[in-house]
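What you see is a predicted model; the values in this text were computed from it and never measured. Chain letters run A, B, ... following the sequence lines, proteins first, then strands; residues in each count from 1. Quick note: numbers below take in every heavy atom, side chains included, and nothing from hydrogens, waters or symmetry partners.
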Amino acid sequence: MKEEIRRILEKSSRGGADTLMPVLQEIQAIEGYLSPEIISEVSKYMGIAENRIYSIASFYDQFSFVPRGRKHIRVCSGTACHVNGSEAVVQEINKQLGIKAGQKTKDGWFSLEVVQCMGACSLGPVVEINGKHYDHINPEKIRNIIVALREEGEEI
Amino acid sequence: MTQIKMHLLVCGGTGCRSSHSELVAKALNESLANHGLDAEAKVVSTGCFGFCEKGPIVKVVPDNTFYVQVNPDDAEEIVKEHVLKGRKVQRLLYLDPEKEKTVSDDRHMTFYKKQIRIALRNCGFIDPENIDEYIARDGYSALAKCLTEFTPQQVIDIIKKSGLRGRGGGGFPTGLKWEITSRVQADQKYVICNADEGDPGAFMDRSILEGDPHSVIEAMAINGYCTGASKGLVYIRAEYPLAIKRLQIAIDQARKYGLLGENIFGTGFNFDIELRYGAGAFVCGEETALIHSMEGKRGEPTFKPPFPSEHGYLGKPSNVNNVETYANVPVIILKGPEWFASIGTEKSKGTKVFALAGKVNNVGLIEVPMGITLREVIFEIGGGIKGGKEFKAVQTGGPSGGCLTARHLDTPIDYDNLLAAGSMMGSGGMIVMDEDDCMVSIAKFYLEFTVEESCGKCSPCRIGNKRLHEILEKICKGEGTMEDLEKLKNLSQVIKDTSLCGLGQTSPNPVLSTLENFWDEYVEHVVDKKCRAGVCKSLMKYTIDQEACVGCTACARACPVNAISGERKQPHTINQSICIKCGACMEKCKFNAVLLQ
């Protein structure tokens with residue numbers, strides 16, 4: 001287990017039930033998802049039953065139980081992005097990468113998530129990849145972005 | 001000592017940052033240093049100016065010059081021409097599309113002319129990461145005034161008299177809420193700020209927190225004084241990293257200055273604020289759900305009463321207000337309730353911040369007095385519909401609101417009028433739609449959102465919305481009947497009447513309002529099997545223009561289901577019974593011979 005995860009867990013054992021969410025958020029920020037092993041550890045440290053942790057974590061969109069790709073693509077499907085054509089962007093990604101929302105490419109390089117509003121409505125359709133925002137995206141632009149990111153993968 | 005004579009304000013809101021405003025600020029700084037001007041002019045990274053359409057924005061004060069769509073490469077010219085020689089860079093000024101001439105002063109731009117900025121007073125004006133700039137704009141003097149001159153009840157009376165109502169959507173009188181919390185006896189109370197902005201199409205809370213976080217902190221402290229709470233909690237979306245960062249900086253600075261912590265202004269008043277991160281559940285905007293989420297539980301709402309004012313966070317009385325509501329408070333204290341009440345309509349006082357987006361020319365964040373008409377907002381401030389298309393509808397209130405149409409354009413906007421028109425104020429998203437948007441499909445879109453976000457606790461919302469969505473899907477596929485339209489209406493009413501919380505009680509609004517205002521469009525889908533906007537694919541037909549087709553066979557080769565036939569160099573045809581309407585043929589055709597009708 002990573003040292004920083006152990007530190008979070010040790011800190012968590014002193015907190016009450018209301019600190020569960022921040023603990024899960026911190027872990028996900030490091031690991032990218034919540035693995036069964038991690039949930040089992042959190043359960044032991046915090047004295048909260050595993051099924052309860054699953055019950056809470058599965059309620060919120062933020063938590064993922066599967067690992068993400070190296071390049072995690074988030075497409076905004078808020079109303080402003082929707083009326084400006086975000087659906088076509090999602091379809092283009094489906095076509096280019098052969099994955100649907102919530103899935104990962106076989107090589108583990110890309111994963112796709114369709115999210116509710118990111119609050120960047122003036123720039124829609126908006127796509128965020130590993131923290132970087134891309135504005136006014138259309139099928140052609142996303143195709144070029146994917147090509148560029150894929151080349152990055154090949155170099156490594 | 002040289003004095004700073006000029007400030008270059010660079011927008012550092014999320015919108016402009018996405019178009020690299022940080023690089024613009026960096027380039028300006030470098031250029032100033034190169035010309036030895038860094039002692040005379042200063043670059044300030046501010047919060048959102050609101051005019052996101054034209055970002056990144058750079059504003060030069062004191063002469064109020066408003067530069068739009070500035071690139072890092074433009075920095076040198078701004079410094080050489082404007083800062084050094086006092087000559088405005090004409091090519092970067094805003095071009096008024098109507099008068100076809102440039103406008104340099106933002107106060108003369110149609111986008112700003114009708115706006116009154118109260119909640120957004122400091123956004124785009126101060127550096128949100130510097131408490132001194134907030135203090136220079138009378139920051140924390142409202143808190144000082146409350147603590148030293150007024151009793152808690154006097155402050156509550158001021159807020160009550162101002163007529164301020166909750167800006168999160170519900171419109172509950174703010175002063176009354178404060179009074180209820182203040183009257184409950186308890187050893188511990190909480191001040192909660194709802195910054196879990198989950199409405200798709202709304203970004204006003206984020207902009208306030210990014211541009212002026214201290215105004216929210218100050219107001220929360222004032223609320224703590226009124227209600228007798230010593231602890232404040234901000235429940236903020238984890239998806240807003242910049243807002244979180246700036247709010248945390250602001251809290252730390254306020255603590256350092258003794259404006260948060262113990263014995264504030266030497267009056268014996270203690271107050272401090274902590275952040276809690278929302279994890280992406282729309283229902284957590286509902287106050288009881290929000291409180292459960294903060295307690296580390298599933299964010300499910302509970303029946304009210306008891307209201308959070310009596311039984312809130314950890315069972316203690318808690319005052320929950322939204323970001324924008326708080327941002328109004330310090331100004332009301334300083335300028336007086338009469339001043340605030342003089343703006344707006346009879347029952348809705350002050351201003352409202354709207355996130356104007358969709359098919360409108362000037363997309364951005366605006367703050368307008370209550371009572372302004374939709375026409376003024378969309379056609380004057382918003383600059384009309386993009387691409388000269390026809391206005392069709394405006395959606396307010398997010399998934400809880402409705403779609404209003406051309407006949408509502410002259411309705412003054414306030415809580416009660418929007419409700420009467422079948423929509424609601426909501427948190428302030430305003431999405432403009434044009435002739436290319438299908439209203440049945442838009443209703444379906446919102447229901448998709450509601451089905452996804454329903455917490456599942458009560459069955460009308462969990463099952464009812466799912467059924468509504470299925471019926472809408474059927475209609476969009478061209479399989480709907482007139483009976484389905486009746487079912488939509490009846491089921492919507494049942495969901496509204498019987499759901500537990502605000503989410504379910506308002507979720508059928510997009511359906512009901514589109515049924516009411518766009519009945520003809522529903523009937524077209526059901527009876528004529530037509531979608532006039534060309535959105536519902538199942539109702540569309542791909543055909544080949546026999547005259548334009550040269551028989552190149554590109555479409556036939558692209559078709560994944562072999563629905564296209566024809567000899568080489570002869571016009572091709574599409575077999576409608578096989579076609580899956582994927583559009584691949586249209587994409588491949590170089591002669592514009594494939595038509596979509």
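- Counting only heavy atoms from C-beta outward, the side chains of B:Glu53 and A:Ser122 never approach each other to under 4.5 Å.
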Does the pair A:Arg52 and B:Arg298 meet the rule for a side-chain contact (heavy atoms from CB on, under 4.5 Å), with working shown?
CA-CA 10 Å; A:Arg52 221 182 120 61; B:Arg298 286 167 69 94; over 6 Å; no
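- Using a 4.5 Å cut-off between heavy atoms, B:Met433 touches chain A through its side chain atoms alone.
- At a heavy-atom cut-off of under 4.5 Å, chain B is reached by A:Thr79, A:Ala80, A:His82, A:Val83, A:Asn84, A:Lys95 from residues 79-102 of chain A, listed in order of number.
- With hydrogens and angles disregarded, no donor-acceptor distance shorter than 3.5 Å links the side chain of B:Tyr240 to the backbone of A:Met118.
- Using a 4.5 Å cut-off between heavy atoms, B:Asp199 touches chain A through its backbone atoms (N, CA, C, O) alone.
- Neither the backbone nor the side chain of B:Ala355 comes within less than 4.5 Å of any heavy atom in chain A.
- Surrounding CD of A:Glu10 are more than 12 heavy atoms belonging to other residues, nucleotides or ligands, all under 6.0 Å away.
- Looking at B:Arg17, neither its backbone nor its side chain comes within 4.5 Å of chain A, counting heavy atoms on both sides.
- Neither the backbone nor the side chain of B:Leu356 comes within less than 4.5 Å of any heavy atom in chain A.
- Under a cut-off of 6.0 angstrom, the local environment of NZ in A:Lys141 is crowded, with over 12 non-hydrogen atoms contributed by other residues, nucleotides or ligands.
- Both the backbone and the side chain of B:Cys455 come within contact range of chain A, judged by heavy atoms closer than 4.5 Å.
- With a 4.5 angstrom heavy-atom cutoff, A:Leu123 touches chain B only via side-chain atoms.
- You'll find the side chain of A:Gln62 stays beyond 4.5 Å of the side chain of B:Tyr277, heavy atoms only.
- Using a 4.5 Å cut-off between heavy atoms, A:Thr19 makes no contact with chain B at all.
- Contact annotation for B:Phe51: neither backbone nor side-chain heavy atoms come within less than 4.5 Å of a heavy atom of chain A.
- Using a 4.5 Å heavy-atom cutoff, the side chains of A:Leu20 and B:Lys297 are not in contact.
- To the nearest 0.5 Å, atom CD of residue B:Glu197 and atom SG of residue A:Cys117 are 7.5 Å apart.
- Taking 4.5 Å as the limit, some side-chain heavy atom of B:Ser293 sits within range of a side-chain heavy atom of A:Tyr60.
- Side-chain contact check for B:Glu452 versus A:Gln116: some heavy-atom pair is nearer than 4.5 Å.
- Of the residues considered (B:Gly299, B:Gly13, B:Pro241), B:Gly299 shows the highest number of contacts with chain A, using heavy-atom pairs under 4.5 Å.
- When heavy atoms are compared at a cutoff of 4.5 Å, B:Tyr446 approaches chain A solely by way of its side chain, counted from C-beta outward.
- If you tally non-hydrogen atom pairs under 4.5 Å between each of A:Cys121, A:Ser58, A:Pro22, A:Ala57 and chain B, the highest count goes to A:Cys121.
- Chain A forms the most heavy-atom pairs under 4.5 Å with one residue out of B:Val363, B:Val432, B:Leu314, B:Val283, and that residue is B:Val363.
- Listed in order of number, the residues of residues 25-46 of chain A that approach chain B to under 4.5 Å between heavy atoms are A:Gln25.
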